[in-house]
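I have placed the structure first, in the form of structure tokens, so that the comments after it can refer back to it.
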2 protein chains.
Amino acid sequence: MFEARLTQGVLLRKLLDSMKDLVQDANFDCSSTGFALQAMDSSHVSLIHMQLRSDGFDHFRCDRNLSMGVSLNNMAKILKCMGNDDVLTMKAEDQGDSVTFMFESANQERISDFELKLMDIDSEQLGIPDTDYSATVKMPSAEFARICKDLSTIGDTVLIAVTKDGVRFSTTGDIGSANVTVRSHSNVDKPEEQVVIDMQEPVALTFALRYLNSFAKATPLSNQVMISMSKELPVVVQYRIEDMGHISYYLAPKIEDEEMEGDE
Amino acid sequence: MFEARLTQGVLLRKLLDSMKDLVQDANFDCSSTGFALQAMDSSHVSLIHMQLRSDGFDHFRCDRNLSMGVSLNNMAKILKCMGNDDVLTMKAEDQGDSVTFMFESANQERISDFELKLMDIDSEQLGIPDTDYSATVKMPSAEFARICKDLSTIGDTVLIAVTKDGVRFSTTGDIGSANVTVRSHSNVDKPEEQVVIDMQEPVALTFALRYLNSFAKATPLSNQVMISMSKELPVVVQYRIEDMGHISYYLAPKIEDEEMEGDE
DNA sequence: TGCAACGGCA
DNA sequence: TGCCGTTGCA
């Protein structure tokens with residue numbers, strides 16, 4: 001059987017809120033390693049990969065590898081019924097057709113359990129190559145979200161250009177154009193505000209803002225986001241979940257990079 | 001060229017938010033005097049006149065008079081991308097077809113520039129006669145906004161009647177009628193709450209609440225509003241922008257003044 | 001479905 | 001007083 005206890009149950013709710021708009025149904029893979037999910041979004045353009053390591057849970061038991069197919073929307077609905085400070089326990093039998101979510105309020109005054117039916121879902125598990133990226137930008141997640149949202153009022157795509165000093169987000173649309181430049185900088189007092197650029201060589205790639213805005217739904221999970229890019233490869237937008245794992249989004253670049261690269 | 005720097009960039013955003021619902025497209029007139037706009041609303045019923053003096057800017061340069069035609073909606077969209085504490089710089093070439101808005105975050109960590117295409121807009125510049133008004137009421141802008149909003153749930157028009165002691169706002173509709181009377185009073189400790197009436201002779205005029213409610217969008221610009229009236233002349237609803245200028249709205253009275261004047 | 005105003009909390 | 005979370009509207 002599978003049983004996992006998470007004191008910060010709210011984490012799983014945030015995870016579901018950050019995935020359910022992109023993916024309808026998906027398999028959660030439970031193993032002794034942890035609790036993971038990998039899925040393409042409904043339009044088969046972007047890929048989500050989420051992983052919570054077993055040692056991040058307060059209790060974790062998984063006798064046999066288990067693949068639980070769920071409707072992310074319905075699972076999110078159930079997790080909305082959890083109190084903000086509730087402790088979450090998930091349980092599933094090896095041959096069962098459902099998963100149970102138990103919520104315990106901090107003082108045990110209220111205990112709820114919700115059972116969600118499982119579904120059979122075909123899933124192609126894609127191998128994600130472990131790439132050395134040309135450039136990685138670590139920046140405040142809220143700032144990244146804000147930039148993507150702002151630029152979507154002007155255009156549909158964004159050119160992300162990384163140089164060693166900073167990262168520039170640019171777009172063009174009917175009403176005009178926009179550039180937002182964020183400079184690399186550290187602040188010892190406020191590490192959550194730092195912008196760190198780790199660059200082997202400059203990269204500039206164009207992406208559909210629509211997807212980046214969906215990825216930014218994960219902002220509540222971490223106050224920093226890591227954006228990794230290499231020429232002609234999908235960008236990785238990763239939010240680390242402290243002491244537990246991460247959620248990462250992959251999105252292939254648009255082709256017109258070079259054309260736009262010279263724009264101002 | 002034209003270049004103007006405003007530390008409180010948020011002021012311009014508030015100005016646009018207060019105009020964009022009334023006017024689609026308009027010309028901003030830049031001159032050594034300052035940055036101004038005058039336009040009729042789309043239904044040609046009311047008039048907006050906004051003026052920011054050059055000395056209110058932190059830097060102001062305008063080599064030649066320039067008339068920049070913009071879509072207020074698009075300009076407002078761009079200004080929404082500005083951070084609340086950002087410093088704003090506007091730039092336009094004399095013969096250019098665009099204006100650039102640059103936003104600098106307080107610590108220069110983030111610099112954005114947005115380019116907005118200019119448009120050719122016919123504008124009849126109306127002369128606004130410098131009238132001595134029969135009565136001027138200065139009152140808290142939030143209170144004026146609240147009264148107009150409240151009265152519009154009852155009726156479509158408001159009779160504003162000024163006597164030396166106070167100002168009465170009255171309306172009538174299908175479900176009943178309403179009067180709100182605000183008394184003149186000063187409070188040395190809280191000047192922003194004072195109601196000052198400067199009256200040569202009593203005035204009572206009727207206006208469409210719909211427009212007053214639009215004017216009240218300027219409430220965030222100032223905590224006081226000045227309402228000036230003379231018999232049979234358009235009312236002026238003016239919000240002062242500290243150390244910089246003002247935005248004023250003009251609206252002609254309805255004709256049925258005398259009929260309603262006796263109403264209670 | 002996404003944004004804006006409002007109210008509650010820190 | 002400022003920020004966040006929620007709710008209501010477009």
Side-chain angles (χ1 to χ4, degrees), chain A residues 8-24 41-43 45-46 71-74 76-77 79-86 106 140-156 158 171 173 175 190 192-193 208-224 239, chain B residues 8-11 13-22 24 72-86 105-107 140-150 152-153 189-190 192-193 210 213-221 223:
Chain A
Q8 277 201 72
V10 72
L11 270 186
L12 197 69
R13 173 163 79 212
K14 288 180 187 169
L15 270 173
L16 267 107
D17 285 340
S18 72
M19 300 191 292
K20 70 178 164 61
D21 292 334
L22 279 167
V23 181
Q24 276 16 265
D41 76 286
S42 330
S43 53
V45 172
S46 65
S71 145
L72 295 190
N73 244 302
N74 291 340
K77 272 186 197 167
L79 292 174
K80 284 224 188 306
C81 305
M82 180 175 54
N84 277 325
D85 303 318
D86 284 6
S141 57
E143 193 165 358
F144 175 68
R146 172 69 193 263
I147 291 169
C148 292
K149 188 177 127 268
D150 284 350
L151 295 192
S152 346
T153 64
I154 310 289
D156 299 327
V158 60
T171 192
I175 73 167
K190 299 184 174 177
E192 72 277 11
E193 287 182 10
L209 279 164
R210 182 189 150 197
Y211 291 97
L212 298 185
N213 278 316
S214 284
F215 302 168
K217 298 265 160 73
T219 303
L221 282 161
S222 170
N223 43 34
Q224 290 271 119
Y239 299 82
Chain B
Q8 277 202 69
V10 73
L11 270 186
R13 171 163 80 212
K14 289 180 186 169
L15 270 172
L16 266 107
D17 284 339
S18 72
M19 300 192 292
K20 72 180 163 58
D21 292 334
L22 280 167
Q24 270 25 255
L72 296 190
N73 243 303
N74 290 342
M75 181 165 160
K77 269 188 199 169
I78 286 178
L79 293 175
K80 283 223 189 307
C81 303
M82 179 173 54
N84 278 325
D85 302 319
D86 284 5
S105 66
N107 48 20
S141 57
E143 193 165 358
F144 174 68
R146 175 65 194 262
I147 291 169
C148 293
K149 187 174 131 267
D150 285 350
S152 32
T153 65
D189 294 335
K190 300 184 173 177
E192 71 278 10
E193 288 182 9
R210 180 187 151 202
N213 277 316
S214 284
F215 302 168
K217 298 266 161 72
T219 303
L221 281 161
N223 41 36

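All values reported here derive from a predicted model rather than from experimental measurement. In what follows, every chain begins at residue 1, and chains take the letters A, B, ... in the order their sequences are listed.
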Over how many whole Å does the gap from A:N84 atom CG to D:dG5 atom P extend? 9 Å
To the nearest Å, give me how far apart CG (B:D85) and P (D:dT1) are. 16 Å
Does the side chain of A:F144 reach to within under 4.5 Å of the side chain of A:T219, using non-hydrogen atoms? no
Could you state the NZ-C1' distance from B:K217 to C:dA5, rounded to the nearest angstrom? 12 Å
If I take atom NZ in residue B:K149 and atom P in nucleotide C:dC6, what distance separates them, rounded to the nearest angstrom? 7 Å
Send over the distance from A:Q24 CD to C:dT1 P, rounded to a whole Å. 9 Å
Side chain to side chain contact (heavy atoms under 4.5 Å, CB included) with A:Q8: which residues, sequence neighbours excluded? A:V10, A:L11
Which whole-number value in Å describes the distance from A:K20 NZ to C:dT1 P? 8 Å
Going by atom types only, do A:S46 and A:D41 share a side-chain donor-acceptor pair under 3.5 Å? yes
Just the rounded figure in Å: distance from C1' of C:dC3 to CG of B:D21. 14 Å
What integer distance in Å separates B:K14:NZ from C:dA5:P? 13 Å
In this structure, which one of A:L15, A:N74, A:L79, A:L72 forms a side chain to side chain contact (heavy atoms under 4.5 Å, CB included) with A:K20? A:L72
